[in-house]
Amino acid sequence: MSNILKWSFKNAIIGLFAAFAVFVVISAFAAPALASMKVFVVSDFLYNFLHKLCKVHGSSLFLILGHPIAICSRCVGGYISGAITMYAYLHKFKMNKIVYIIIGTLAIGEIAAEYLNLFVTNDFIRLIDGLFLGAFIGMTIIKMLDWLEGKKGW
């Protein structure tokens with residue numbers, strides 16, 4: 001397989017991941033708006049689809065017209081920053097290895113601290129953690145695709 005074909009295929013996969021993340025965020029904010037407009041068939045479909053992607057759908061940072069969004073605040077931040085990270089990579093943005101390690105440590109450390117009940121988290125802290133987590137997961141996917149392509153190093 002030629003390098004151009006591998007490069008195009010990798011960018012297509014990254015673009016699909018970014019498009020899926022954008023679709024999830026738009027759907028999460030569209031579901032309560034559709035529920036308030038009494039379009040329950042589409043709203044229920046979106047809520048059911050998004051509840052499969054997020055296990056903590058009961059607590060959310062945003063209310064739209066009295067209805068909660070379909071995913072939690074950590075997932076909102078994760079999908080937004082994951083899409084931004086992948087989009088930035090397609091436009092030649094590279095993340096430093098040290099920054100990647102720091103972001104991953106912050107993201108996983110907050111989840112571990114919440115699990116061990118070291119401190120009480122609220123939706124704002126979960127949103128910030130989601131931003132770190134999305135950037136970390138986005139760069140992890142990109143690095144895995146680089147590894148599959150045969151690139152060595154950072």
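Values below: every heavy atom of this structure, side chains too, minus hydrogens, waters and symmetry copies. Being a predicted model, the structure only gives us computed values, none of them experimental.
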Apply side-chain contact (heavy atoms from CB on, under 4.5 Å) to the pair Val39 and Val42, showing each step before the final yes or no.
CA-CA 6 Å; Val39 185; Val42 178; 4.0 Å; yes

Give, for atom [atom1] of [X] and atom [atom2] of [Y], the distance between the pair rounded to the nearest 0.5 Å.
X: Glu110; Y: Phe132; atom1: CD; atom2: CZ; result: 10.0 Å
X: Cys75; Y: Ile80; atom1: SG; atom2: CD1; result: 11.0 Å
X: Leu131; Y: Ile84; atom1: CG; atom2: CD1; result: 8.0 Å
X: Phe23; Y: Leu16; atom1: CZ; atom2: CG; result: 13.5 Å
X: Leu65; Y: Ser36; atom1: CG; atom2: OG; result: 4.0 Å
X: Leu106; Y: Asp129; atom1: CG; atom2: CG; result: 8.5 Å

Within a radius of less than 6.0 Å around OH of Tyr87, do more than 12 heavy atoms belonging to other residues, nucleotides or ligands occur?
no

Other residues, nucleotides, ligands: >12 heavy atoms within 6.0 Å of Tyr115 OH:
no

Check for me, please, whether [X] and [Y] land in the same ILVMFWY cluster - side-chain distances under 4.5 Å, paths through other members count.
X: Leu118; Y: Ile108; result: no
X: Phe29; Y: Ile26; result: no
X: Ile98; Y: Leu133; result: yes
X: Ile64; Y: Leu34; result: no
X: Ile128; Y: Val99; result: yes

Can you say whether the rings of Tyr100 and Phe136 are parallel (under 30°), tilted (30 to 60°) or perpendicular (over 60°)?
parallel

Would you mind reporting whether [Y] and [X] have side-chain heavy atoms less than 4.5 Å apart?
X: Ile141; Y: Ile14; answer: no
X: Ile102; Y: Thr105; answer: no
X: Leu50; Y: Ser27; answer: yes

Smallest separation among heavy atoms of [X] and [Y], with atom names:
X: Val76; Y: Val25; result: O-CG2, 4.4 Å
X: Ala70; Y: Ala31; result: CB-CB, 4.4 Å
X: Thr85; Y: Ala135; result: OG1-CA, 3.4 Å
X: Ser73; Y: Arg126; result: OG-CB, 3.4 Å
X: Gly130; Y: Ser81; result: O-OG, 3.6 Å

Apply side-chain contact (heavy atoms from CB on, under 4.5 Å) to the pair Ile103 and Met95, showing each step before the final yes or no.
CA-CA 11 Å; Ile103 287 175; Met95 186 182 288; 4.2 Å; yes

Do the side chains of Arg74 and Asp123 get close enough for a salt bridge, i.e. N-O under 4.0 angstrom?
no

Tell me whether Asp146 is salt-bridged to Lys143, with the criterion being a basic N under 4.0 Å from an acidic carboxylate O.
yes

Passes side-chain contact (heavy atoms from CB on, under 4.5 Å), Met86 versus Leu90? Steps please.
CA-CA 6 Å; Met86 290 183 187; Leu90 291 177; 5.9 Å; no

Any side-chain donor paired with an acceptor under 3.5 Å for His51 and Tyr47?
no

CA sep, side-chain torsions, deciding dist, call: Phe17, Val22, side-chain contact (heavy atoms from CB on, under 4.5 Å)
CA-CA 9 Å; Phe17 277 130; Val22 168; over 6 Å; no

